[in-house]
Amino acid sequence: MKVNIGIVGFGEFSESFLDIWLQHPGVGKVVGAELIADRRKHISETYGIEMYSSYDEMLEKVPELNCVGIFSQRHQHGPMVIQGLKSGKHVFSAVPMGCTEEEVMEILKIAEEKRLIYMMAETCYYFPCAVWCRENYQAGRFGKFVYGESQYYHDIMDMYGSFSAQGDNWKRIAGIPPMYYATHSMSMLFSAIDQYPLDVTCFGYEDTEGDGIYGKGNNDWDNPFSNETAILRMSGGGIARINEFRRCGNVRPTSYITGLYGDKGAYEGSGNQHLFSRNVPQNGEFTSETVSDEINTFNFVNNKGKMREEDGRTDYFYMMGFSKIHNLKRLPQNLLTIDQNAHVNAVMGHNGSHIFLVDDFVRAVITGKLPPVNPWMAATYTITGIKAHESAMLGGKTLKIPYVGKAPDDWGTIDFDEKPY
Ligand SMILES: NC(=O)c1ccc[n+]([C@@H]2O[C@H](COP(=O)([O-])OP(=O)(O)OC[C@H]3O[C@@H](n4cnc5c(N)ncnc54)[C@H](O)[C@@H]3O)[C@@H](O)[C@H]2O)c1
């Protein structure tokens with residue numbers, strides 16, 4: 001069996017996956033759909049794939065597709081994912097899962113009933129700081145989770161490209177509540193400690209810029225907040241702090257864990273410096289080590305060698321390529337050097353995570369097993385953000401987070417020792 005995938009939406013993001021789909025050994029046919037004619041032309045001329053003028057047209061004209069990839073704008077995913085699942089396709093989708101609790105729950109229901117793969121392509125799940133914290137937390141080095149903080153900082157005026165397909169109406173969409181796009185921050189922390197949130201209190205920073213993006217009547221959600229901070233009580237009793245800032249004097253990296261504290265060990269990250277300490281007074285143990293060498297990336301694209309701690313860079317190239325903590329053995333080996341013949345540099349963007357995500361999806365579809373970020377995890381991250389914004393709109397009222405359930409016991413997760421393609 002091969003993955004035959006139809007990709008929907010060719011704005012800024014999906015092109016950085018296209019060389020990977022085309023070169024992955026488990027992928028057969030790749031076609032695309034895009035509403036904007038110039039974008040369609042660019043993709044068909046550059047990659048030589050068939051392009052259709054809409055999602056509907058693609059579904060109708062290419063019945064042999066068994067999968068779709070949703071890369072439309074962030075507020076459009078829910079209904080398009082549901083359409084894909086209802087037409088019997090496995091779905092790979094950019095984050096977030098949806099913008100309402102109902103959309104998210106419907107995706108879970110259809111995917112479970114039909115046993116179709118729904119995978120939210122969460123790039124931050126494979127960010128090196130997240131992988132490092134996950135592996136070391138699960139190895140017991142932190143002890144029990146006490147407190148953690150992660151964030152996604154991206155100024156809205158630096159994101160115009162992501163809303164340009166909306167034309168003159170772009171501000172109506174750009175003003176989406178920051179917490180509706182909190183899956184990056186949440187996935188890094190929650191997957192490391194394998195817990196889910198029970199309650200949320202969130203406050204919003206009411207925007208004062210006056211440029212017509214935020215504020216009642218300006219956007220489709222009547223959202224006044226450009227920055228939001230949530231405090232969450234987690235299922236194991238610890239506390240998480242999530243920041244989603246869209247007017248913020250911060251440069252890249254945009255998403256990272258600043259601190260993860262257990263009762264025995266603590267990770268702290270700042271730019272290219274990553275530290276881990278242990279403090280177990282009862283055993284006389286007190287150690288502190290630099291773990292930057294395992295987390296900082298090898299900048300394959302510019303062939304500059306490993307990012308060094310002292311470089312202190314926080315710009316875009318910080319996020320290019322793999323790091324030592326990544327398990328490269330599980331990937332198809334032809335993809336490790338894909339940057340050398342790729343059409344765009346961004347193929348190695350988001351710390352090489354695009355390659356891991358495509359490989360997760362291909363393995364899941366071929367084996368019928370769940371990807372590491374399974375639909376219930378994606379639903380937890382997405383619905384928590386939706387509830388956080390609701391809390392902010394209520395002046396910080398503490399709200400319960402609905403429990404979305406978990407993967408059925410008889411639906412296992414992919415095993416990276418298997419060679420399914
Ligand atoms: N790190 C990450 O995970 C990450 C990074 C960047 C973007 N994203 C997400 O990826 C998605 C795409 O981002 P982008 O910046 O490329 O957005 P974009 O607006 O530039 O591109 C979306 C494209 O989808 C097309 N489209 C919409 N409806 C369609 C339909 N029915 N048929 C065919 N085409 C359709 C639009 O014409 C547009 O060109 C967004 O949801 C964004 O949030 C995720």
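Just follow the structure's listing: the first ligand is 1, and inside any ligand the first atom is 1. Residue indices begin at 1 and follow the sequence shown. This is a predicted model, so every value here is computed, not measured.
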Item to check | Selection from Gly167, Gly9, Ser187, Ser54 by shortest heavy-atom distance to atom 24 (O) of ligand 1 | outcome: Gly9
Checklist entry - Which option, Glu122, His77, Glu15, Arg39, owns the non-hydrogen atom nearest atom 39 (O) of ligand 1? => result Arg39
Checklist outcome for this item: For atom 12 (C) of ligand 1, the closest protein heavy atom turns out to be Phe71 O, 3.3 Å
Item to check | Which of the ligand 1 atoms, numbered from 1, are nearer than 4.0 Å to a heavy atom of Arg74 | outcome: 40 (C), 41 (O), 43 (O)
Next on the checklist: As an exercise, identify every atom of ligand 1 less than 4.0 angstrom from a heavy atom of Val95.
Outcome noted: 41 (O), 43 (O)
Checklist entry - Tell me, which protein residue and heavy-atom name are nearest atom 1 (N) of ligand 1, and how many Å apart are they? => result Thr123 OG1, 2.9 Å
Item to check | Any donor-acceptor pair under 3.5 Å from Asn327 side chain to Lys329 backbone | outcome: yes
Checklist entry - With under 30° as parallel and over 60° as perpendicular, where do the rings of Tyr47 and His42 fit, or are they tilted in between? => result perpendicular
Checklist outcome for this item: closest protein heavy atom to atom 28 (N) of ligand 1 is Leu35 CD1, 3.6 Å
Item to check | Short N-O contact, Glu50 and Lys29, less than 4.0 angstrom | outcome: yes
Checklist entry - For ligand 1, is Tyr181 a contact, meaning one of its heavy atoms is under 4.0 Å away? => result yes
Item to check | Residue Ala33 vicinity, atoms of ligand 1 by number, heavy atom under 4.0 Å | outcome: 33 (C), 34 (N)
Next on the checklist: Can you tell me if Asp194 has over 12 outside heavy atoms packed within less than 6.0 Å of its CG?
Outcome noted: no
Checklist entry - So which protein heavy atom does atom 14 (P) of ligand 1 come closest to, and at what separation? => result Glu12 N, 3.8 Å
Checklist outcome for this item: Heavy-atom proximity to atom 31 (N) of ligand 1, picking from Gln76, Met80, Gln166, points to Met80
Item to check | Asp359/Arg330 salt bridge by N-O under 4.0 Å criterion | outcome: yes
Checklist entry - Taking all non-hydrogen atoms of both residues, which atom of Phe92 and which atom of Leu357 are closest, and how far apart? => result CE1-O, 3.7 Å
Checklist entry - Which residue owns the protein heavy atom closest to atom 20 (O) of ligand 1, what's the atom, and how far is it? => result Gly11 CA, 3.2 Å
Checklist entry - Of the options Ser185, Cys124, Cys129, Ser150, which is the one that meets Ser255 in a side-chain contact (heavy atoms from CB on, under 4.5 Å)? => result Cys124
Checklist entry - Is the number of heavy atoms from other residues, nucleotides or ligands under 6.0 Å of Lys419 NZ greater than 12? => result yes
Next on the checklist: With heavy-atom distances below 4.0 Å as the criterion, list the atoms of ligand 1 near His184.
Outcome noted: 1 (N), 2 (C), 3 (O)
Checklist entry - Between the candidates Ser14, Ser72, Ala94, which shows the shortest non-hydrogen contact distance to atom 40 (C) of ligand 1? => result Ser72
Checklist entry - What is the nearest protein non-hydrogen atom to atom 10 (O) of ligand 1, stated with its residue, atom name and distance? => result Phe13 CD2, 3.2 Å
Checklist entry - Salt bridge check: are Lys86 and Glu106 linked by an N-O gap of less than 4.0 Å? => result yes
Item to check | Closest protein heavy atom to atom 32 (N) of ligand 1, given as residue, atom name and distance to 0.1 Å | outcome: Tyr55 N, 3.1 Å
Checklist entry - Nearest protein heavy-atom contact for atom 19 (O) of ligand 1: which residue, which atom, what distance? => result Gln73 CG, 3.0 Å
Checklist entry - Is Arg247 close enough and on-axis enough to Tyr205, meaning under 6.0 Å and within 45°, for cation-pi? => result no
Checklist outcome for this item: Rounding to 0.5 Å, atoms CD1 (Ile325) and CG (Asp293) come to a distance of 10.5 Å
